[in-house]
Q: 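This structure is in structure tokens; I'll ask about it shortly.
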Amino acid sequence: MGEELTIVGKKVPRWAAFEKATGAARFTVDFKLPEMLAGRLLTSPVAHANILKIDTSRAEKLPGVEAVITFEDVPNKLFNPNKMDMCLFDPSGELPDMYVLSDKARFVGDKIAAVAAINAGVAEEALVLIEVEYEELPAVFDSLEASNPGQPRIHDFAKNNIALTFPCLANRGDVEEGFKEAHVVVEQTFKSSKQHMCQMEPTTCVADFDASGRLTIWSMSQHPFLHRRKLAELFDMPVGMIRWKTLHIGGGWGKYGSFVAEPVCVALAKKAGRPVKLEYSREEDFRTTETREAHIMTGKIGVRKDGTISALQNKVVVQGGAYFTHNSNATNVAMGCFASLYTCPNVYEIADAVYTNIPVSGGCRGYGNPPAMWALEQLMDMAAEKLGMDPLELRLKNTKKVGEFGPANYALETSTFDDCLRLGAEKIGLKEKRGGRREGTKRYGVGMAMFMHVSGSIGATQHRNVHLKFNEDGTVNLAAGCVDLGQNIHGTISQIAAETLGIRYEDIIIHTGDTDTTFFDQGMHASGGLFQIGNATVKGATELKKLLFERAAKMLEAHPEDLDVKDRWISVKGSPDKGVSVADVAKDAIYNYEDDHNHLAAKGSYSPEDNQPPVGASFAEVGVDTESGEVNVIKLVIVCDVGRAINPQTVESQLEGGASQGIGYALTEDYTINPETGYLEADNYITYKIPGAADMPDMEIIQYEKPVSTGPFGAKGVGEAAMVPIAPAIANAVYDAVGVRVTDLPITPEKILKSMEAKREKI
Amino acid sequence: MKKEIAKFTINDRPYELLVESNVTLAELLREQLDLTGTKCACGVGECGSCTVLIDGKPTLSCSTLAIAVREKDILTIESLATREGLHPIQQAFIDHGAIQCGFCTPGMIMMTKALLDENPDPTEQEVKEGIGGNLCRCTGYVKIVDGILAAAESMGKEGGR
Amino acid sequence: MQSLKPFEYVEPATIEEAVSLLSDYADKGKLLAGGVDIMPRLRHRKIKPAFILNIKKIQGLDYIDGNGGDGLRFGALTTIRSIELSPVIRKDYSILYEAAHQLPSHQVKSMGTMVGNLCVGTPASDMATSLLALDAELKIVNTSGEKILPIEDFYIGVGQTVLEPGDMVTEVILPSVMPGTRGSYQHLVRTRADISKVCVAVWITITDGICKQARIALGAVAPTVFRAKKAEALLNGRELDQDVIEAASQAASQETKPITDLRSTAEYRKEAAGILVKRALNKTLERAKA
């Protein structure tokens, strides 16, 4: 790898940018089939109710209606829409507690029935004609309240609505002893919020059974292979009878780590005997699909006099909503990240997953890490203050060194925390700006937060497979089972393949999005795409290059090990006049008239042997108006050790995009649920506010490159990283500015003013 | 009337279409004409994904009745690239990495066209305000703003388009 | 996306035709102009009109005539964007410009009419707040004739105006501006593209350092936009020093009757209303001195 790279590390156009810029790119919501019906969903208007009766007869009689389905038309089988039970470390953890359509409503938005009709207007009219008799039950919306005795029970098996109590897998040492060793101990409860992914493309699925009964699905699943298997089990079909196709996807961030519209759409298509497109309105998308999981974390930190952390404790209540979905895995990740950012010998964490009658949660960019850092990185600042130590110093005292373990339980090959912290501190002007400059009613402050995420997940089914073949003109078909939701994984692995093979970026023709024609890929999650599929691509391309060289060696009468390839030309080391083009070798392999043909093709498989986490630090400079409580983020600096940036522009845009979601999470995104009815009030972009262009601060993104030996060309995964530290960095900056700490997300002016008033009253 | 044959000029081509009164322009484009470059992400005019130009003005096609804009000149994303190649805005969006998932892109580009037609040399702040009605969840807008500024510069050099 | 329920669509060619049809359809008819308000409500089935009357084809309703010296009029089809881009409005009726300018969406401003925005009746209307401070009047036409109504008397509750079925607002009339009049528009939002959680417009005539006439309008802090008359009274006849400004701001805050919703809390809105009045008065003073 000491050689000069010609494609890796370069800014080349993203995959499909041309199609997307011209409007030619087809997304699922744009997709049509002949005879296709429009599907529409009926969801519960009440938070908790038994369904006494559903009468669909009037709807069925409406001309143009082809199918109406209720719980009686779907598999009588509990399932969990999350795919993690098929790929991760705690297969027993994700409880199956959901039916495709329910005979009991557990939240406003629970799926009750669906219609397929000749067009959307008819389907919508039919929904109104479905008569559902609800027997309303008392409901509970607050997770802390829900686990008290005597509260309405949401699932029969879950006493006090506690679905599961589980300890952190990284618990270690003895925290009681650890707290005894501590010079200062800080304990605080932090609440995080149900952030909505707000992917721009509304959730859509198309399902079609052909004459032989074979099902084709077009959906935005991030895990086509795992979801295909899950769907096969749910509908009692052989896996081979399902083909799962993926078109362009308008964002996801974990939303499609679970089934969304697929099971209902399949049930509709089955009953109607025609293809169905089930499309959610934006409001249904908000109400009915998964969000980020919210946690109530009571965190406790003990710090010795020298600044080293002696103990960490975290008692977590998972605000999972009405069904379990990702509660176990997302919370395990939350606890694992809390336990592993800093060196600490004594850790104890435990979580209760609690059911409430609110919409479901799931996995969203960063998974459990953002809520964990929301707690931990504020606890660090609080401890630093109590100890009388600079918060930067406190962090530097506790950063992990080479050989210590990251959140995925692999030893760190590099440790760049200190470099990232120091670099970011310098860029934001931490020293000069700390302590609250004043200007009229405004106070200014700076804050920081560190992060460490993962480059993929761990477990037995985490493998990725690609195959590559040479065309006779020297171009290469690269087929992969991964899914591009806009993160440019397709472009990035194309760069890796081109670099490895010594051909041009544009010589790679990528093929994805079809379970029939690609090998197994476990799907897009945990920032694992680049690290894992990138490695599979390196392996496959290296194998293909070996075949290329073997054939070229025969043609050149040289030894394969003496060959070199650069810019589509194979040369013999030491003999500058001897060479052959890649295209000629590839052509010879296919069209050899001496009968020596052999299409040059190879497979690359990768199963995680390692997991080097992206790490870094973010710094925020804020202005807070002491009269109105308004927060203005002036500048964000994010330093992220990315290993190696395969495409620096892509990496930078991942970090910028993550930061913007972090800003929304920190300040304005409020999943407001009516406390009386459980109705989601913030159910579209008018009511739920994500940042616009004018809300973005000045951002400085620093890609710190320290390649790791196990990453493809040294790269790590960075899809989620920047989302993780933004909210705590802003909270710490607000504290620096005005001396109050908002502990429940989002940090609104209303809460800041209230805290400031409370503080004044105390004084 | 509930239904009418209506004439439109869409992307410089004449169309005569049977239009129901409750069909939105977005539906007409996407469903009747299969011009699916125009996207709908919210249906209530808040995200800007469905932006098209009507007589040069940026318009939310999800919030416009098709029948109400008959006889008008409608431009969608599909009109910008020509046989000679991409429009400078499209090229700038590609060059600057302003496209991630791509769902907001057509609306963002059409709004940019309206913005630059009106103000060929905008400041960064004017650009940020100019796309105030367009949401993007992927990019954090940094590269979109870069792309728009670069497009303005290249169009200025070309003498506009 | 949800589709729209079917309706009859008509395009009156004149105001007379429009109000006659409106009167025939009574509560079954809805006016359509820019569509930015009505289309989402149609989509969400919040309104289910049998008839949509598109008034965009009526000639002569898209204009801005006059200036601060003579007074100014604009029509039912004048877009928010036209108001924003009008040099006269920016110069002579700055708070209307400011209210229009802060709206984030170019598309909404290009499509939406000012009158349409006023007729929605939302108490959070930035433009209604500014027009209230400017003492605007509305021309209302129906089959029996026309009348001029001060905007102050136009709103009767959340989403409710005095308009009867068959009424149509055809024009907004702004009075002439007395010399020495300045103002400021202020608001608070969650993101730049949000509906105001509180908004304030002040419009003040200052002669020889003394406040001759003050109008303070507030939005999103009561069921309708309203004038804070007790606060105004504290300013009239006084020199605007910090004590007076503080007293007026507090008085304005006391006059609010806000609610808690997803954008803010009642408690915060009450306090923030006072803060914004103070900001607006200080800004006005600064402009008067400039």
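Here is the naming used below: chain letters follow the sequence lines, and residue numbers restart at 1 for every chain.
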Q: Crowded around A/K427 NZ? As in, over 12 foreign heavy atoms under 6.0 Å?
A: no

Q: Is it true that A/E652 and B/K143 make a salt bridge, defined as a side-chain N closer than 4.0 Å to a carboxylate O?
A: yes

Q: Would you name the heavy atoms of A/T22 and B/A81 that are closest together and state the gap between them?
A: CG2-CB, 4.2 Å

Q: Taking every non-hydrogen pair under 4.5 Å, which of A/M699, A/H248, A/R26 racks up the most with chain B?
A: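 Most heavy-atom pairs within the cutoff with chain B belong to A/R26.
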
Q: Is B/Y141 close to chain A through its backbone or its side chain, or both, or neither, when contacts mean heavy atoms under 4.5 Å?
A: side chain

Q: Would you say that A/K32 contacts B/T36 through its side chain, given a criterion of any heavy-atom pair below 4.5 Å between the two side chains?
A: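 No, every pair of side-chain atoms sits at 4.5 Å or beyond.
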
Q: Look at A/P691, A/S281, A/A120, A/P13 and state which one has the largest set of heavy-atom pairs under 4.5 Å with chain B.
A: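 When all of A/P691, A/S281, A/A120, A/P13 are compared, A/P691 has the most.
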
Q: For chain B, which of A/E656, A/Q661, A/R282 has the most heavy-atom pairs under 4.5 Å?
A: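 Heavy-atom pair counts peak at A/E656.
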
Q: Pick one of side chain, backbone, both or neither for A/M696, based on which atoms fall under 4.5 Å of a heavy atom in chain B.
A: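 Both parts, heavy atoms under 4.5 Å.
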
Q: Given a strict heavy-atom distance threshold of 4.5 Å, which part of A/A659 is in contact with chain B: side chain, backbone, both, or neither?
A: neither

Q: If I measure from the heavy atoms of chain B, does A/D30 come under 4.5 Å with its side chain, its backbone, both, or neither?
A: both

Q: Under the 3.5 angstrom rule, does the side chain of B/Q90 hit a backbone N or O of A/A21 as a donor-acceptor pair?
A: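 Such a contact is found between B/Q90 side chain and A/A21 backbone.
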
Q: Of all the heavy-atom pairs spanning A/Y685 and B/A41, show the shortest one and how long it is.
A: CE1-O, 4.1 Å

Q: Which atoms of A/V12 come close to chain B, meaning under 4.5 Å heavy atom to heavy atom: side chain ones, backbone ones, both, or neither?
A: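 Neither part; nothing is under 4.5 Å.
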
Q: Side chains of B/L86 and A/F18: does their closest heavy-atom pair fall under 4.5 Å?
A: yes

Q: If you count every heavy atom of other residues, nucleotides or ligands that lies below 6.0 Å from B/E124 atom CD, does the total exceed 12?
A: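 No, because the 6.0 Å sphere around CD of B/E124 holds 12 heavy atoms or fewer from other groups.
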
Q: Against chain A, label B/D95 side chain, backbone, both or neither, depending on which of its atoms sit under 4.5 Å from a heavy atom there.
A: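 Answer is backbone: N, CA, C or O of B/D95 sit under 4.5 Å from chain A.
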
Q: For residues A/P202 and B/F103, report the shortest heavy-atom separation together with the two atoms involved.
A: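 Smallest heavy-atom distance, with atoms named: CD-CZ, 3.9 Å.
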
Q: Would you call A/D695-B/K128 a salt bridge at under 4.0 Å N-O?
A: no

Q: What heavy-atom pair brings B/C101 and A/G251 nearest, and what distance separates the two atoms?
A: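 Scanning both residues completely, I find the closest heavy atoms to be CB-N, 3.4 Å.
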
Q: Does any heavy atom of chain A fall under 4.5 Å from the side chain of B/T105, the backbone, both, or neither of them?
A: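 Contact with chain A involves the side chain of B/T105 alone.
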
Q: Mind running side chain to side chain contact (heavy atoms under 4.5 Å, CB included) on A/K20 and B/Q100 for me, showing each step along the way?
A: CA-CA 9 Å; A/K20 290 173 179 178; B/Q100 289 193 27; over 6 Å; no

Q: Which atoms of B/I109 are under 4.5 Å from chain A, going by heavy atoms: the side chain, the backbone, both sets, or neither?
A: side chain

Q: From B/D146 CG over to A/S653 OG, what is the distance, rounded to the nearest 0.5 angstrom?
A: 11.0 Å

Q: Return the option, out of A/Q199, A/E19, A/R14, with the maximum number of heavy-atom pairs under 4.5 Å with chain B.
A: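 Of the options given, most contacts go to A/R14.
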
Q: Show, in sequence, the C-alpha distance, side-chain angles and deciding distance for B/V44 and A/I686, and conclude whether the side chain to side chain contact (heavy atoms under 4.5 Å, CB included) test is met.
A: CA-CA 8 Å; B/V44 293; A/I686 299 175; 3.6 Å; yes

Q: May I ask you to decide whether B/R137 forms a salt bridge with A/E669, counting only side-chain N to carboxylate O separations under 4.0 Å?
A: yes

Q: Quick check on B/E153: does its CD atom have over 12 non-hydrogen neighbours (other residues, nucleotides or ligands) under 6.0 Å away?
A: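 Atom CD in B/E153 is not packed in, count stays at 12 or less.
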
Q: For the interface with chain B, which of A/Q487, A/M197, A/Q654, A/E283 has the highest count of heavy-atom pairs at distances below 4.5 Å?
A: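 Most pairs with chain B among the choices: A/M197.
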
Q: What part of A/W253 gets within 4.5 angstrom of chain B, counting heavy atoms only: side chain, backbone, both, or neither?
A: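 It is the side chain, since no backbone atom gets that close.
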
Q: Where does B/E78 contact chain A at under 4.5 Å (heavy atoms): side chain, backbone, both or neither?
A: both

Q: For chain A, which of B/G132, B/C136, B/P106, B/G97 has the most heavy-atom pairs under 4.5 Å?
A: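 Max contact count across the listed options: B/G97.
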
Q: Chain B: which of A/N684, A/I701, A/I690 shares the most heavy-atom pairs with it under 4.5 Å?
A: A/I690

Q: Just give me the residue among B/H96, B/E129, B/M108, B/Q91 that pairs up with chain A most often, heavy atom to heavy atom, under 4.5 Å.
A: B/H96

Q: Let me know if A/L485 has heavy atoms under 4.5 Å from chain B in its side chain, its backbone, both or neither.
A: backbone

Q: Might you point out which heavy atoms bring A/M200 and B/C47 nearest each other, and give the distance in Å?
A: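 What the structure gives for the nearest pair is CE-CB, 3.8 Å.
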
Q: Would you say NZ of B/K57 has more than 12 non-hydrogen atoms from neighbouring residues, nucleotides or ligands within 6.0 angstrom?
A: no

